[in-house]
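Here's the structure we're looking at; comments come further down.
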Amino acid sequence: MNKKILIMLLGVFFVFLLVTACTKRIDTDDGKEEKKIEFGLVVHGGAGYMTRDRYTPEQDSAYRAKLTEALSVGHKILKDGGTSLECVEKVINILEDSPLFNAGKGAVTTEQGEFELDASIMYGKTNLAGAVAGVKHIKNPISLAKMVMENSKHVMLAREGAEIFAEEQGIDLVDQEYFSVDKDWYKKREKPKSDSETSLIKTEEKFGTVGCAALDKYGDLAAGTSTGGMQDKKFGRIGDSPIIGAGTYAENNSCAVSATGHGEFFIRNVVCYDIAARMKYLNETLAKSADEVVMKKLKQQGGDGGIISIDKLGNIEMVFNTSGMFRGYVTDNGEIVVKIYEDE
Ligand code: ASP
């Protein structure tokens, strides 16, 4: 063989070896991708038009403190070897029990002034899911959704049927009064005309659907969402939160997702499933997929809201097309990150 050609071939081979070695791949010997973190979780407490000037310092720090508490409880569960499913339920329980959010205590009301709550949960390990819709006397709808998943042959139970099931499961029902909170505290400030002005907007607008997505030490994903729905919704209206694929989705070979926002858009676009499907079928990263769905598709339609997600490798995304979203995450290193506005 011509010496020149031989040198060229060797050169090409050398470049090939170099490129292969430099390409940061995370394949193990058996061809499976390795997790980047041992475990982690991400939460949201609703997306909406949150800007710094609309919350008092007291409100701002109360939200941050509650999200931090929820994340640290979730972190401990996962660190101690708990499952992602257990983590999602317990983290959401904390947010449901807090009057700050639009889920459980503190939920918004229907046109008739009643509380009708929706929730769903999905376990990526088994692909099983549970949901409840329009329940009026359940303190922790996410726990009832988990019971539907684990102790019934159905995926979703609604209204009285769900509450009868709850009683059969030994859950005590609560009065509607339990969900009601001092609304004045939650009123947001009008955009102040000067820094010192703090007048309150006379509206009942309240964000705060809650959700959690987690990856555990065993490589299993789970996601859950709980809400009071949309303020002044029609009696009987069901949003995206209890609909598997729209408001919640988890499967071990892609990601776990929980959504918040204008539910009708999230239902029509099957948002959470779409994000997982794009990863599987188009081979997109979680970041790309979430961006395509939330920042392009939904935004073009005027579908306000956002998602939080963790994928099978531990990549975390918190994406929203509104001005803010109560959100945060923690991974195995225990460092908690909590944000409300666009950047902070
Ligand atoms: N997605 C919820 C619903 O439409 C509301 C929200 O997340 O703010 O019921």
Side-chain angles (χ1 to χ4, degrees), residues 42-50 54 63 67 92 95-96 98-112 114-122 131-136 138 141-142 145 156 158-159 162 179 186 188 203-213 223-249 257-275 290 293-294 297-299 301-309 318-328 340:
V42 55
V43 297
H44 71 77
Y49 287 91
M50 296 118 175
R54 297 190 71 197
Y63 280 105
L67 291 169
I92 292 182
L95 303 174
E96 285 176 333
S98 162
L100 291 170
F101 301 96
N102 170 20
K105 189 170 186 65
V108 300
T109 48
T110 62
E111 275 175 351
Q112 287 78 9
E114 286 204 301
F115 299 95
E116 295 187 356
L117 314 176
D118 301 333
S120 67
I121 195 161
M122 186 162 183
V132 292
V135 292
K136 294 183 178 183
I138 305 297
I142 197 72
M156 186 190 287
R159 303 178 73 85
F179 301 106
Y186 300 95
K188 294 167 193 67
T203 124
E204 303 291 315
E205 177 190 31
K206 186 181 181 194
F207 312 119
T209 290
V210 303
C212 177
T225 312
S226 183
T227 189
M230 290 182 85
Q231 179 69 55
D232 295 331
K233 64 186 180 183
K234 268 206 171 316
F235 153 73
R237 178 264 191 190
I238 310 278
D240 59 313
S241 308
I243 298 181
I244 295 301
T248 302
Y249 195 71
V257 197
S258 168
T260 172
H262 194 149
E264 281 67 14
F265 289 85
F266 284 70
I267 295 172
R268 286 192 289 260
N269 289 283
V270 204
V271 165
C272 294
Y273 178 71
D274 198 21
I275 290 171
V293 176
V294 178
K297 203 171 172 187
L298 278 176
K299 202 173 174 180
Q301 297 175 23
D304 290 346
I307 61 98
I308 48 120
S309 181
M318 309 186 289
V319 182
F320 50 99
N321 60 31
T322 48
S323 60
M325 180 164 81
F326 296 118
R327 64 199 187 276
I340 300 177

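Just so you know, ligand 1 is whichever comes first in the structure, and atom 1 is the first atom listed for that ligand.
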Per-atom contacts, ligand 1 versus [X] - under 4.0 Å to a heavy atom:
X	value
T260	6 (C), 7 (O), 8 (O)
S241	1 (N), 2 (C)
G229	5 (C), 9 (O)
T209	2 (C), 5 (C), 6 (C), 7 (O), 8 (O)
G263	4 (O)
G261	1 (N), 2 (C), 3 (C), 4 (O), 5 (C), 6 (C), 7 (O), 8 (O)

Nearest non-hydrogen partners of G211 and S258, listed with the distance: CA-OG, 3.3 Å

Provide the closest heavy-atom pair for D240 versus G263 in the form atom of the first, atom of the second, distance. OD1-CA, 3.1 Å

Inter-residue atom distance [X].[atom1] - [Y].[atom2], 0.5 Å rounding:
X	Y	atom1	atom2	value
I307	T248	CD1	OG1	12.0 Å
L298	D304	CG	CG	9.0 Å
I238	I243	CD1	CD1	7.5 Å

Using distance alone, determine whether E264 and ligand 1 share an N or O pair under 3.5 Å. no

Please confirm whether D240 comes within less than 3.5 Å of ligand 1 when only nitrogen or oxygen atoms on both sides are compared. yes

Once the angle between the rings of Y249 and Y273 is folded into 0 to 90°, is it parallel (under 30°), tilted (30 to 60°) or perpendicular (over 60°)? perpendicular

With a 4.0 Å cut-off, would you call R237 and E111 a salt bridge? no

Given R237, M230, K233, identify the one with the heavy atom nearest to atom 9 (O) of ligand 1. R237

